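Here's the structure we're looking at; comments come further down.
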Amino acid sequence: MNAVVDHYAIGDLASKIAAALQAGGKSLDKIETEDLASVDEFHVRGRAATLELGARMGLAPQTHVLDVGSGLGGPARTLASTYGCKVTGVDLSPEFCEAANTLSSWVGLADRTMFVEGDATALDVAHPTFDAAMTLHACMNIAAKDKVYACVRKALKPGGIFAVYDILQGEGGEVLYPVPWARDAAISHLVTTEKMRALLQGAGFEILSEDDSTEASEAWFKRAAAKLSDSGRPPVNLRQFMGEDGARMTQNQVRNLGDRRIRTVTFICRRL
Ligand SMILES: C[S@@+](CC[C@H](N)C(=O)[O-])C[C@H]1O[C@@H](n2cnc3c(N)ncnc32)[C@H](O)[C@@H]1O
(Lines give C-alpha, C1' and ligand atoms only; values in the text may rest on other atoms or scores of the structure.)
Protein backbone atom coordinates (compact mmCIF):
# COMPACT_ATOMS: atom_id res chain seq x y z
CA MET A 1 0.00 0.00 0.00
CA ASN A 2 1.11 3.59 -0.60
CA ALA A 3 2.79 4.89 2.60
CA VAL A 4 0.52 7.96 2.78
CA VAL A 5 -2.66 5.91 2.29
CA ASP A 6 -1.32 3.49 4.88
CA HIS A 7 -0.73 6.31 7.37
CA TYR A 8 -4.36 7.47 7.15
CA ALA A 9 -5.91 3.96 7.00
CA ILE A 10 -8.47 3.38 9.74
CA GLY A 11 -10.91 0.82 8.33
CA ASP A 12 -14.68 0.87 8.22
CA LEU A 13 -14.60 4.57 8.91
CA ALA A 14 -18.19 5.60 8.12
CA SER A 15 -19.56 2.84 10.38
CA LYS A 16 -17.24 3.91 13.20
CA ILE A 17 -18.33 7.54 12.85
CA ALA A 18 -21.99 6.49 12.74
CA ALA A 19 -21.56 4.41 15.91
CA ALA A 20 -19.78 7.28 17.71
CA LEU A 21 -22.48 9.76 16.68
CA GLN A 22 -25.24 7.44 17.85
CA ALA A 23 -23.40 6.82 21.13
CA GLY A 24 -23.34 10.62 21.55
CA GLY A 25 -27.13 10.74 21.13
CA LYS A 26 -27.19 11.87 17.47
CA SER A 27 -29.58 10.26 15.05
CA LEU A 28 -28.16 9.82 11.53
CA ASP A 29 -31.31 11.11 9.85
CA LYS A 30 -31.14 14.36 11.80
CA ILE A 31 -27.49 15.37 11.58
CA GLU A 32 -26.18 18.60 10.05
CA THR A 33 -22.74 19.36 8.60
CA GLU A 34 -21.84 21.09 11.92
CA ASP A 35 -22.38 17.81 13.81
CA LEU A 36 -19.57 16.24 11.78
CA ALA A 37 -17.10 19.10 12.16
CA SER A 38 -15.16 17.54 15.03
CA VAL A 39 -14.32 14.54 12.85
CA ASP A 40 -14.42 15.64 9.20
CA GLU A 41 -12.56 18.98 9.27
CA PHE A 42 -9.10 17.41 9.39
CA HIS A 43 -6.92 20.51 9.74
CA VAL A 44 -5.85 22.97 12.41
CA ARG A 45 -8.66 25.33 13.56
CA GLY A 46 -11.31 23.10 11.96
CA ARG A 47 -14.53 24.48 10.52
CA ALA A 48 -13.67 28.09 11.41
CA ALA A 49 -10.59 27.90 9.16
CA THR A 50 -12.68 26.50 6.30
CA LEU A 51 -15.21 29.33 6.65
CA GLU A 52 -12.36 31.87 6.61
CA LEU A 53 -11.14 30.41 3.32
CA GLY A 54 -14.64 30.30 1.87
CA ALA A 55 -15.16 33.99 2.62
CA ARG A 56 -12.16 34.78 0.42
CA MET A 57 -13.11 32.59 -2.54
CA GLY A 58 -16.03 34.49 -4.10
CA LEU A 59 -18.36 31.49 -3.89
CA ALA A 60 -21.93 31.38 -5.23
CA PRO A 61 -24.41 28.58 -6.09
CA GLN A 62 -23.08 28.32 -9.66
CA THR A 63 -19.42 27.99 -8.53
CA HIS A 64 -17.71 24.62 -9.03
CA VAL A 65 -14.82 24.16 -6.57
CA LEU A 66 -11.98 21.63 -6.75
CA ASP A 67 -10.76 20.41 -3.33
CA VAL A 68 -7.30 18.83 -3.54
CA GLY A 69 -6.65 16.25 -0.79
CA SER A 70 -10.28 16.40 0.36
CA GLY A 71 -10.01 13.83 3.19
CA LEU A 72 -13.38 13.05 4.79
CA GLY A 73 -14.95 15.96 2.91
CA GLY A 74 -15.69 18.34 5.79
CA PRO A 75 -14.38 21.49 4.04
CA ALA A 76 -16.32 20.59 0.87
CA ARG A 77 -19.59 20.10 2.78
CA THR A 78 -19.08 23.23 4.86
CA LEU A 79 -18.70 25.37 1.74
CA ALA A 80 -21.45 23.56 -0.20
CA SER A 81 -23.92 24.04 2.66
CA THR A 82 -22.89 27.66 3.31
CA TYR A 83 -22.74 28.93 -0.28
CA GLY A 84 -24.78 26.36 -2.23
CA CYS A 85 -21.75 25.74 -4.47
CA LYS A 86 -20.71 22.39 -5.93
CA VAL A 87 -17.44 20.82 -4.75
CA THR A 88 -15.47 17.96 -6.27
CA GLY A 89 -12.87 16.51 -3.94
CA VAL A 90 -9.89 14.40 -4.96
CA ASP A 91 -8.00 12.27 -2.46
CA LEU A 92 -5.38 9.55 -2.57
CA SER A 93 -7.19 7.45 0.04
CA PRO A 94 -10.04 5.30 -1.34
CA GLU A 95 -11.28 4.79 2.21
CA PHE A 96 -11.57 8.53 2.81
CA CYS A 97 -13.34 9.08 -0.54
CA GLU A 98 -15.86 6.35 0.20
CA ALA A 99 -16.50 7.68 3.73
CA ALA A 100 -16.72 11.27 2.42
CA ASN A 101 -19.45 10.29 -0.07
CA THR A 102 -21.34 8.42 2.68
CA LEU A 103 -21.12 11.37 5.10
CA SER A 104 -22.45 13.68 2.36
CA SER A 105 -25.46 11.41 1.85
CA TRP A 106 -26.23 11.61 5.61
CA VAL A 107 -26.50 15.41 5.47
CA GLY A 108 -28.27 15.65 2.09
CA LEU A 109 -25.28 17.01 0.19
CA ALA A 110 -24.65 14.09 -2.18
CA ASP A 111 -25.89 16.22 -5.09
CA ARG A 112 -23.44 19.06 -4.40
CA THR A 113 -20.32 17.23 -3.24
CA MET A 114 -18.51 14.36 -4.90
CA PHE A 115 -15.28 12.66 -3.87
CA VAL A 116 -13.06 10.71 -6.23
CA GLU A 117 -9.85 8.80 -5.70
CA GLY A 118 -6.86 10.42 -7.36
CA ASP A 119 -3.28 11.60 -6.92
CA ALA A 120 -2.96 15.39 -6.67
CA THR A 121 0.36 15.25 -8.53
CA ALA A 122 -1.29 13.68 -11.59
CA LEU A 123 -4.86 14.98 -11.83
CA ASP A 124 -6.69 13.89 -14.95
CA VAL A 125 -7.66 17.35 -16.28
CA ALA A 126 -7.37 18.20 -19.94
CA HIS A 127 -8.80 21.73 -19.75
CA PRO A 128 -9.97 24.27 -17.16
CA THR A 129 -13.34 23.26 -15.72
CA PHE A 130 -13.29 24.64 -12.17
CA ASP A 131 -14.16 28.19 -11.06
CA ALA A 132 -12.17 27.96 -7.81
CA ALA A 133 -9.87 25.53 -6.01
CA MET A 134 -8.67 24.89 -2.49
CA THR A 135 -6.31 22.66 -0.60
CA LEU A 136 -6.19 22.34 3.17
CA HIS A 137 -3.39 20.50 4.95
CA ALA A 138 -2.71 18.01 2.17
CA CYS A 139 0.58 19.11 0.59
CA MET A 140 2.56 18.32 3.77
CA ASN A 141 2.45 14.73 2.49
CA ILE A 142 3.52 15.62 -1.05
CA ALA A 143 7.12 16.18 -2.16
CA ALA A 144 6.25 17.21 -5.74
CA LYS A 145 4.20 20.29 -4.84
CA ASP A 146 5.15 21.87 -8.18
CA LYS A 147 3.22 19.08 -9.92
CA VAL A 148 0.16 19.64 -7.69
CA TYR A 149 0.08 23.38 -8.40
CA ALA A 150 0.61 22.79 -12.14
CA CYS A 151 -2.39 20.40 -12.13
CA VAL A 152 -4.53 22.92 -10.22
CA ARG A 153 -3.60 25.65 -12.68
CA LYS A 154 -4.66 23.40 -15.56
CA ALA A 155 -7.96 22.60 -13.84
CA LEU A 156 -8.83 26.24 -12.97
CA LYS A 157 -10.42 28.76 -15.29
CA PRO A 158 -8.28 31.91 -15.82
CA GLY A 159 -8.80 34.37 -12.95
CA GLY A 160 -10.04 31.58 -10.66
CA ILE A 161 -9.15 31.73 -6.96
CA PHE A 162 -6.90 29.07 -5.44
CA ALA A 163 -7.00 29.02 -1.62
CA VAL A 164 -4.10 27.22 0.05
CA TYR A 165 -4.12 26.56 3.81
CA ASP A 166 -1.09 24.54 4.83
CA ILE A 167 1.34 23.61 7.54
CA LEU A 168 4.78 24.97 6.68
CA GLN A 169 8.30 24.47 8.04
CA GLY A 170 9.06 27.06 10.71
CA GLU A 171 12.36 28.45 11.93
CA GLY A 172 12.30 26.63 15.30
CA GLY A 173 13.86 23.30 14.26
CA GLU A 174 12.85 19.85 13.04
CA VAL A 175 9.27 18.63 13.46
CA LEU A 176 8.61 16.38 16.47
CA TYR A 177 6.82 13.18 15.41
CA PRO A 178 4.25 11.68 15.39
CA VAL A 179 2.03 14.41 13.99
CA PRO A 180 -1.43 14.01 12.40
CA TRP A 181 -0.01 13.84 8.84
CA ALA A 182 2.98 11.55 9.53
CA ARG A 183 4.35 9.17 12.14
CA ASP A 184 7.91 9.95 11.01
CA ALA A 185 9.75 12.13 8.51
CA ALA A 186 9.43 9.66 5.59
CA ILE A 187 6.07 11.04 4.38
CA SER A 188 6.47 14.61 5.65
CA HIS A 189 7.54 17.21 3.10
CA LEU A 190 7.24 20.67 4.63
CA VAL A 191 8.54 23.78 2.92
CA THR A 192 9.17 27.25 4.32
CA THR A 193 6.88 30.21 3.69
CA GLU A 194 9.40 31.66 1.22
CA LYS A 195 9.60 28.40 -0.71
CA MET A 196 5.81 28.06 -0.80
CA ARG A 197 5.47 31.59 -2.17
CA ALA A 198 7.99 30.78 -4.92
CA LEU A 199 6.26 27.48 -5.78
CA LEU A 200 2.85 29.13 -6.17
CA GLN A 201 4.21 32.02 -8.21
CA GLY A 202 6.31 29.64 -10.31
CA ALA A 203 3.20 27.60 -11.14
CA GLY A 204 1.42 30.65 -12.55
CA PHE A 205 -0.48 32.08 -9.58
CA GLU A 206 -0.57 35.65 -8.33
CA ILE A 207 -0.56 35.75 -4.51
CA LEU A 208 -3.33 38.13 -3.42
CA SER A 209 -2.80 37.67 0.32
CA GLU A 210 -0.75 35.70 2.82
CA ASP A 211 -1.89 35.17 6.44
CA ASP A 212 0.14 33.47 9.14
CA SER A 213 -2.27 31.97 11.73
CA THR A 214 0.38 30.20 13.85
CA GLU A 215 -0.58 31.93 17.12
CA ALA A 216 -4.27 31.13 16.69
CA SER A 217 -3.34 27.54 15.75
CA GLU A 218 -1.23 27.16 18.89
CA ALA A 219 -4.13 28.36 21.06
CA TRP A 220 -6.51 25.99 19.23
CA PHE A 221 -4.24 22.97 19.81
CA LYS A 222 -3.69 23.91 23.47
CA ARG A 223 -7.47 23.81 23.92
CA ALA A 224 -7.59 20.43 22.12
CA ALA A 225 -4.82 19.06 24.37
CA ALA A 226 -6.65 20.30 27.48
CA LYS A 227 -9.71 18.35 26.32
CA LEU A 228 -7.79 15.09 26.10
CA SER A 229 -9.55 13.86 29.21
CA ASP A 230 -12.61 11.82 28.24
CA SER A 231 -15.04 14.22 29.84
CA GLY A 232 -14.04 17.03 27.52
CA ARG A 233 -14.05 15.05 24.27
CA PRO A 234 -16.43 15.98 21.49
CA PRO A 235 -18.85 13.08 20.74
CA VAL A 236 -16.86 11.98 17.70
CA ASN A 237 -13.34 12.91 16.61
CA LEU A 238 -10.73 11.49 14.31
CA ARG A 239 -8.15 11.21 17.08
CA GLN A 240 -10.16 8.46 18.75
CA PHE A 241 -9.68 6.34 15.60
CA MET A 242 -5.95 6.98 15.24
CA GLY A 243 -4.85 4.55 17.90
CA GLU A 244 -2.44 5.27 20.71
CA ASP A 245 -0.67 7.87 18.58
CA GLY A 246 -3.66 10.24 18.63
CA ALA A 247 -2.91 11.85 21.98
CA ARG A 248 0.84 12.15 21.25
CA MET A 249 0.09 13.78 17.90
CA THR A 250 -1.93 16.47 19.67
CA GLN A 251 0.75 17.04 22.31
CA ASN A 252 3.48 17.28 19.66
CA GLN A 253 1.46 19.81 17.70
CA VAL A 254 1.37 22.07 20.77
CA ARG A 255 5.18 21.82 20.98
CA ASN A 256 5.73 22.13 17.23
CA LEU A 257 3.60 25.27 17.03
CA GLY A 258 4.94 26.74 20.28
CA ASP A 259 8.57 26.27 19.20
CA ARG A 260 7.69 27.55 15.70
CA ARG A 261 8.97 24.28 14.25
CA ILE A 262 5.83 24.55 12.13
CA ARG A 263 3.63 27.44 11.02
CA THR A 264 0.11 27.56 9.59
CA VAL A 265 -0.23 29.91 6.63
CA THR A 266 -3.02 30.74 4.17
CA PHE A 267 -2.33 31.97 0.65
CA ILE A 268 -5.15 33.33 -1.46
CA CYS A 269 -4.02 33.18 -5.08
CA ARG A 270 -5.40 34.04 -8.49
CA ARG A 271 -4.72 31.89 -11.52
CA LEU A 272 -2.96 33.97 -14.14
C1 LIG B 1 -4.68 16.00 7.01
S2 LIG B 1 -5.73 15.39 5.77
C3 LIG B 1 -6.63 16.84 5.28
C4 LIG B 1 -7.96 16.50 4.65
C5 LIG B 1 -8.85 17.68 4.27
N6 LIG B 1 -8.20 18.57 3.34
C7 LIG B 1 -9.30 18.45 5.47
O8 LIG B 1 -8.76 19.53 5.73
O9 LIG B 1 -10.20 17.98 6.19
C10 LIG B 1 -4.59 15.18 4.40
C11 LIG B 1 -5.24 14.51 3.20
O12 LIG B 1 -4.38 14.63 2.06
C13 LIG B 1 -4.53 13.45 1.30
N14 LIG B 1 -3.37 13.32 0.40
C15 LIG B 1 -2.07 13.16 0.73
N16 LIG B 1 -1.30 13.03 -0.37
C17 LIG B 1 -2.14 13.13 -1.45
C18 LIG B 1 -1.96 13.08 -2.86
N19 LIG B 1 -0.77 12.89 -3.41
N20 LIG B 1 -3.06 13.22 -3.63
C21 LIG B 1 -4.30 13.38 -3.10
N22 LIG B 1 -4.52 13.44 -1.77
C23 LIG B 1 -3.46 13.31 -0.95
C24 LIG B 1 -4.60 12.36 2.36
O25 LIG B 1 -5.10 11.14 1.84
C26 LIG B 1 -5.51 13.03 3.39
O27 LIG B 1 -6.86 12.76 3.12
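Remember, it's 1-based here, ligands and their atoms both numbered in the order they're listed. These numbers come from a predicted model, not from an experiment.
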[X] to ligand 1: N or O pair under 3.5 Å?
X: H43; result: yes
X: P75; result: no
X: F96; result: no

Those atoms of ligand 1 less than 4.0 Å from some heavy atom in [X]:
X: D119; answer: 18 (C), 19 (N), 20 (N)
X: S70; answer: 5 (C)
X: L136; answer: 3 (C), 5 (C), 6 (N), 8 (O)
X: N141; answer: 15 (C), 16 (N)
X: G118; answer: 20 (N), 21 (C)
X: V4; answer: 15 (C), 16 (N)

Option with minimal heavy-atom separation from atom 25 (O) of ligand 1, where the choices are D91, D40, L92, L53 =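 That would be D91.
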Nearest candidate to atom 6 (N) of ligand 1, where distance is taken over non-hydrogen atoms, out of G69, A138, A3 = G69
Apply the side chain to side chain contact (heavy atoms under 4.5 Å, CB included) test between W106 and each candidate in I17, D29, T33; give the one that qualifies.
-> I17
Please list the nearest protein heavy atom to [atom] with its residue and the distance rounded to 0.1 Å.
atom: atom 20 (N) of ligand 1; result: A120 N, 2.8 Å
atom: atom 18 (C) of ligand 1; result: I142 CD1, 3.6 Å
atom: atom 2 (S) of ligand 1; result: F42 CD2, 3.5 Å
atom: atom 10 (C) of ligand 1; result: H137 O, 3.2 Å

Backbone N/O of [Y] and side chain of [X]: donor-acceptor pair under 3.5 Å:
X: R153; Y: L272; result: yes
X: N252; Y: P178; result: yes
X: K145; Y: H189; result: yes
X: H7; Y: P180; result: yes
X: R263; Y: Q169; result: no

Indicate, as side chain, backbone, both or neither, the part of E41 found under 4.0 angstrom from ligand 1 when only non-hydrogen atoms are considered.
->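 Backbone only.
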May I ask whether Y8 places a heavy atom under 4.0 Å from ligand 1?
-> yes
Is the closest side-chain donor-acceptor distance between E52 and T266 under 3.5 Å?
-> no
Side-chain donor-acceptor pair present, T50, E41, cut-off under 3.5 Å =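 Distance-only check passes for T50 and E41.
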Answer with yes or no after comparing the ring centroid distance for Y149 and F205 against a 6.0 Å cut-off, counting only values under it.
->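 Aromatic pair excluded; centres sit 6.0 Å or further apart.
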Are H137 and Y165 close enough that their ring centers fall under 6.0 Å?
-> yes
What do you reckon, is CD of E174 surrounded by more than 12 foreign heavy atoms closer than 6.0 Å?
-> no
